[in-house]
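Reading through the structure tokens given below for one structure.
If you're wondering where the values come from, they're calculated on a predicted model, not measured in any experiment. When reading the values below, keep in mind they use all heavy atoms of this one structure, side chains included, and skip hydrogens, waters and symmetry mates. When a residue number appears, it is its place in the shown sequence, counting from 1.
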Amino acid sequence: MRERLLATEKVKAIDWRDARLYLLDQRRLPTEEVWHACESATEVAQAIRDMVVRGASAIGISAAYGLVLGLRARLAEGGDWRAALEVDFDVLAASRPTAANLFWALEQMRERLGRLKPGEAPLAALEAQAISIHQSDREANLTMAQFGVELIRRYQGNPQNLLTHGNAGALATGGFGTALGVIRAAHLDGLVECVYANETRPWLQGSRLTAWELAGEEIPVTLGADSAVAHLMKERGITWVVVGADRVAANGDVASKIGTYQLAVLAMHHGVRFMVVASTSSIDMALETGDDIPLEERAGSELLEVDGRHFAADVEVFNPVFDVTPADLIDAIVTERGVVERPGAAKLAALMSPKRLH
């Protein structure tokens, strides 16, 4: 399976080369493929805020490379580079509040700086750590794809209709994707009749990004309006909803793209299984429940404008980017360490136990 997935790889969102970070500008897909060059931590943070790069894992990876850029500048300035680098840590941490991978990646970079040996070059060490975070995410996605497809096959071995929301594909990760990684693997195993992708308002990640990724790999995909989901589940025989996550609380509650919560409620009513695919870097054991997850809200203009043109009534706007799906609506959380079915606090604690790594 791993080799077949590697052979299908076509899309990437992050490229580190020539001491620069290049990000595929996801605001301009699918009509244009434009790469955005970042040369400083501030530029990376701005790219994250402006949605040039999005998706929990991709944000974390980009922030890690952003710190490498920041360290290079601090070393060139001279003086106390460690103290100066704290500004870059803070700027990057403030770029998006919900994605756990962002804070996990920054902590990994901070921890690596803390392990510098006498005479070791800090820039080389930090760059190697960022590259490792990037590569590890790709490997985790490959492992999750295998776990997820085994779960789908276990419940039904015939070609199935799957539903996804948002974009949890190669564009949102270091490669292959979380939810879309599972869907890709299921397609390779002949388990996919059709993938239904929600448009995912207001940024249209489903219609612009997910549909583009799947169509590019010749995976059958049908786009639907977010408001058509209940009818779709009733009429089209959906067997699984497969989504990604931006943060998972210790009890298994999941923060994901806005609209995911209502999908889980509808899935339970229609007898559709619900799968969340997320690396363990998205699991925040410091947060007891989903109520503790900070949920980002963005500008009202995202709902009132299209391509900068105002089209709606001038009213107050509620524009949350994420919602929280309670654990009791989730059939399985798929991670690179294994699958947690009917997730709860005890099962998540067992998954994240250090003993699990040995």
Where the side chain of [X] meets the backbone of [Y], is there a donor-acceptor pair that is under 3.5 Å apart?
X      : Y      : value
Asp226 : Thr200 : yes
Asn161 : Arg236 : yes
Thr164 : Val242 : yes
Asp253 : Ala249 : no
Asn319 : Glu302 : no
Lys234 : His270 : no
Asn101 : Gly60  : no
Ser353 : Ala349 : no
Thr210 : Gly166 : yes
Glu336 : Glu139 : no

Counting C-beta onward and ignoring hydrogens, is there a side-chain heavy-atom pair between [X] and [Y] closer than 4.5 Å?
X      : Y      : answer
Met109 : Val68  : yes
Pro320 : Glu297 : yes
Met144 : Thr173 : no
His187 : Glu217 : no
Phe176 : Leu142 : yes
Arg342 : Lys347 : yes
Ser256 : Thr325 : no
Gln26  : Leu29  : yes

Taking atom [atom1] of [X] and atom [atom2] of [Y], what is their separation to the nearest 0.5 Å?
X      : Y      : atom1 : atom2 : answer
Phe322 : Ile258 : CZ    : CD1   : 9.5 Å
Leu126 : Leu85  : CG    : CG    : 7.0 Å
Ile59  : Trp104 : CD1   : CH2   : 14.5 Å
Ile133 : Tyr65  : CD1   : OH    : 9.0 Å
Thr42  : Asp88  : OG1   : CG    : 6.0 Å
Tyr155 : Gln160 : OH    : CD    : 12.0 Å

From Asn198, Val229, Leu163, Thr260, residue fulfilling side-chain contact (heavy atoms from CB on, under 4.5 Å) relative to Val241: Leu163

Arg247: which of Leu102, Ile293, Val324 passes side-chain contact (heavy atoms from CB on, under 4.5 Å):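 Option passing the side-chain contact (heavy atoms from CB on, under 4.5 Å) with Arg247: Ile293.
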
Donor-acceptor side-chain pairing of [X] and [Y] below 3.5 angstrom:
X      : Y      : value
Ser281 : Ser279 : yes
Arg138 : Gln135 : no
Asp246 : Thr98  : no

Among the clusters formed by ILVMFWY side chains lying less than 4.5 Å apart, do [X] and [Y] turn up in the same one?
X      : Y      : result
Ile14  : Leu92  : yes
Leu295 : Val276 : no
Met275 : Leu188 : yes
Val91  : Leu106 : no
Tyr261 : Leu287 : no

cation_pi(Arg17, Tyr22) dist<6.0 Å, angle<=45: yes

Ring-face cation of Arg110 near Phe89 (centre distance under 6.0 Å, axis angle within 45°): yes

Trp81 and Leu113: CA distance, side-chain angles, deciding distance, side-chain contact (heavy atoms from CB on, under 4.5 Å) verdict: CA-CA 12 Å; Trp81 61 264; Leu113 286 176; 4.1 Å; yes

Over 12 foreign heavy atoms within 6.0 Å of [atom1], [X]:
X      : atom1 : result
Arg201 : CZ    : no
Glu32  : CD    : yes
Asp314 : CG    : no

Test side-chain contact (heavy atoms from CB on, under 4.5 Å) applied to Asp284 and Val248, step by step: CA-CA 6 Å; Asp284 190 343; Val248 181; over 6 Å; no

side-chain contact (heavy atoms from CB on, under 4.5 Å) between Arg298 and Trp203, worked out: CA-CA 11 Å; Arg298 293 180 65 87; Trp203 274 83; 3.9 Å; yes

Using a strict 4.0 Å threshold on nitrogen-to-oxygen distance, state whether [X] and [Y] make a salt bridge.
X      : Y      : result
Arg96  : Glu296 : yes
Arg27  : Asp25  : yes
Arg115 : Glu120 : no
Arg153 : Glu150 : no
Arg273 : Asp331 : no

Full working for salt bridge (Lys or Arg N to Asp or Glu O under 4.0 Å) between Glu213 and Arg184: CA-CA 10 Å; Glu213 283 197 50; Arg184 286 183 167 97; 2.6 Å; yes

Pair Trp16-Leu69, side-chain contact (heavy atoms from CB on, under 4.5 Å): steps then yes or no: CA-CA 11 Å; Trp16 175 256; Leu69 296 172; 3.8 Å; yes

Worked verdict on Arg208 versus Asn167 for side-chain hydrogen bond (donor to acceptor under 3.5 Å, both in side chains): CA-CA 9 Å; Arg208 293 189 305 105; Asn167 175 260; over 6 Å; no

